[in-house]
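Positions are given from 1, in the same order as the sequence printed here. All values derive from a computational prediction rather than experimental measurement.
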Amino acid sequence: MEAKITEIIAALKLLSDPVRTENAKTYCPTSMEVLGITSPQLKSVVKELWTNECKSYSPRELIEFAKKLTATAMFECQMVAFSLLWNNKKALSALVLDDLLRLGQNLDNWASVDSFSIMLSGWAWREGQIGDDVVLDWLASENRWWRRVAVVSTVALNLKSRGGKGDTPRTLMICEKVIADRDDMVVKALSWALRELSKKDKPAVEDFMAKYEHLVAGRVRREVNLKLTTGKKNG
């Protein structure tokens, strides 16, 4: 696996774009190394890896391979790791809490957190591989990124394209606990969580906003109320 990861890094570096790398410093700052590779290019790398190498891995082998990719502390390797696991539902179904913590060891930016939450932690929560207590522990963290993981993980409960069928009780359980959190990353996540739930259970979100409208951040109030009235996030 180490040799394969060395090959992957070499291949990714050939796609590196210095301009995109520089832009990432303000658009999505992270302590990880960033090569500045486009999403279509990353998808092609994942597809080639899956077809020529990882398709033959057992679920546990794929999980271990993904952990080694994230351990490189390279943004693009982390994204490849998350996508490879998402492509193999047997591997996703084998994830346990320790796996998630290892895979999330370098979460320090919104792009990584959102991919992790929707592809991995949200799936594991929805499928009962981790319990509500784990997500609530993340929510109580002093680390803003793990609090965002907890909130964005609710999106996976409701987002149809990611297998969500709707889960009002657990979504609102999390949302209620962050109404006073004014960290920008959590505020944006709360808005997203409520807007996504509104597609499945509009009355529940209307009731939530009626109850907490004067307690949530202005961004949440504007975006969620606009979604409820027009179906759009922005006017």
Side-chain angles (χ1 to χ4, degrees), residues 26-30 82 86 92 97 100 104 107-235:
T26 52
Y27 176 66
C28 188
T30 175
F82 296 169
W86 176 255
L92 279 178
L97 178 58
L100 291 170
L107 294 178
D108 67 353
N109 65 89
W110 63 264
S112 295
V113 165
D114 293 356
S115 296
F116 175 88
S117 303
I118 292 176
M119 293 182 182
L120 307 184
S121 62
W123 167 285
W125 185 25
R126 190 180 71 225
E127 300 302 314
Q129 294 158 229
I130 58 173
D132 295 355
D133 59 322
V134 171
V135 182
L136 289 170
D137 281 346
W138 293 341
L139 198 66
S141 173
E142 294 183 2
N143 185 314
R144 70 191 302 210
W145 301 113
W146 281 102
R147 298 204 307 279
R148 184 175 172 101
V149 166
V151 180
V152 178
S153 290
T154 70
V155 175
L157 304 178
N158 303 298
L159 184 60
K160 184 178 180 180
S161 64
R162 295 293 182 176
K165 297 180 181 178
D167 191 330
T168 298
R170 289 199 288 182
T171 300
L172 295 185
M173 172 185 71
I174 297 299
C175 291
E176 285 179 343
K177 294 185 180 301
V178 293
I179 56 174
D181 195 324
R182 289 299 184 265
D183 186 291
D184 190 49
M185 288 294 106
V186 179
V187 169
K188 291 177 179 178
L190 175 58
S191 173
W192 185 10
L194 289 169
R195 285 183 284 109
E196 196 58 46
L197 178 61
S198 72
K199 301 174 186 178
K200 295 289 186 180
D201 192 344
K202 185 177 180 180
V205 177
E206 290 174 333
D207 290 345
F208 181 93
M209 292 304 296
K211 183 176 181 180
Y212 296 115
E213 185 168 10
H214 299 296
L215 298 176
V216 298
R219 171 189 286 272
V220 177
R221 187 162 53 250
R222 290 191 304 273
E223 292 180 352
V224 176
N225 284 333
L226 190 63
K227 181 71 175 180
L228 290 170
T229 55
T230 70
K232 299 179 180 179
K233 173 185 173 183
N234 299 307

Between Leu107 and Asn143, is the side chain to side chain contact (heavy atoms under 4.5 Å, CB included) condition met? List the steps.
CA-CA 10 Å; Leu107 294 178; Asn143 185 314; over 6 Å; no
Within the side chain of Arg144, is there an N or O that forms a donor-acceptor pair under 3.5 Å with the backbone of Ser141?
no
Any idea which heavy atoms bring Ser121 and Ile130 closest together, and the distance?
O-CD1, 3.9 Å
Identify the two heavy atoms, one from Ser117 and one from Ala156, that lie closest to each other, and give their separation to 0.1 Å.
O-CB, 4.1 Å
Just by modelled atom types, is the Val151 backbone N or O under 3.5 Å from a matching donor or acceptor in the Thr154 side chain?
yes
Do side-chain atoms of Asn225 reach the backbone of Arg221 as a donor and acceptor pair under 3.5 angstrom?
yes
Closest non-hydrogen atoms of Ala217 and Val187, given as atom of the first, atom of the second and distance, are CB-CG1, 3.7 Å
Ignoring hydrogens and angles, tell me if any N or O in the side chain of Lys227 forms a donor-acceptor pair with the backbone of Gly231 under 3.5 Å.
yes
For the residue pair Trp138 and Ala150, what are the closest heavy atoms and their distance?
CB-CB, 4.1 Å
Would you mind checking if Asp207 and Lys211 are paired as a salt bridge, meaning a charged N to carboxylate O distance below 4.0 Å?
no
Test side chain to side chain contact (heavy atoms under 4.5 Å, CB included) on Glu196 and Thr171; report intermediate values, then the result.
CA-CA 10 Å; Glu196 196 58 46; Thr171 300; over 6 Å; no
I want to check something: taking the side chain as every heavy atom from C-beta on, are Trp145 and Met185 in contact at a cut-off of under 4.5 Å?
yes
Does some side-chain heavy atom of Glu176 sit less than 4.5 Å from a side-chain heavy atom of Phe208?
yes
Is there a side-chain contact between Cys175 and Leu194, using heavy atoms and a 4.5 Å cut-off?
yes
Side-chain heavy-atom pair Val224, Leu228 within 4.5 angstrom cut-off:
yes
Salt-bridged, Arg148 to Asp114, with N to O below 4.0 Å?
yes
Ion pair present between Arg170 and Asp132, side-chain N to carboxylate O less than 4.0 angstrom?
yes
Evaluate the side chain to side chain contact (heavy atoms under 4.5 Å, CB included) criterion for residues Arg147 and Val178: first the C-alpha distance (whole Å), next the side-chain angles of each, then the deciding distance (0.1 Å), finally the verdict.
CA-CA 9 Å; Arg147 298 204 307 279; Val178 293; 5.9 Å; no
Report the relative orientation of the aromatic rings in Phe116 and Trp146; use parallel for angles under 30°, tilted for 30 to 60°, perpendicular for over 60°.
perpendicular
Can you check whether Thr168's main-chain N or O pairs, donor with acceptor, with Lys200's side chain at less than 3.5 Å?
no
With side chain to side chain contact (heavy atoms under 4.5 Å, CB included) as the test, would you mind laying out the steps for Phe82 and Ile118 before giving the verdict?
CA-CA 10 Å; Phe82 296 169; Ile118 292 176; over 6 Å; no
Nearest non-hydrogen partners of Met173 and Lys177, listed with the distance
O-CG, 3.4 Å
Shortest non-hydrogen separation from Ala189 to Val152 and the atoms involved
CB-CG2, 3.8 Å
Counting distance only, does the side-chain N/O of Arg126 pair as donor-acceptor with the main-chain N or O of Leu157 below 3.5 Å?
no
Is the side chain of Asn158 donor-acceptor paired with the backbone N or O of Asp167 at a distance under 3.5 Å, no angle test?
yes
Spell out, as yes or no, whether a donor-acceptor pair under 3.5 Å connects the side chain of Gln129 to the backbone of Leu92.
yes
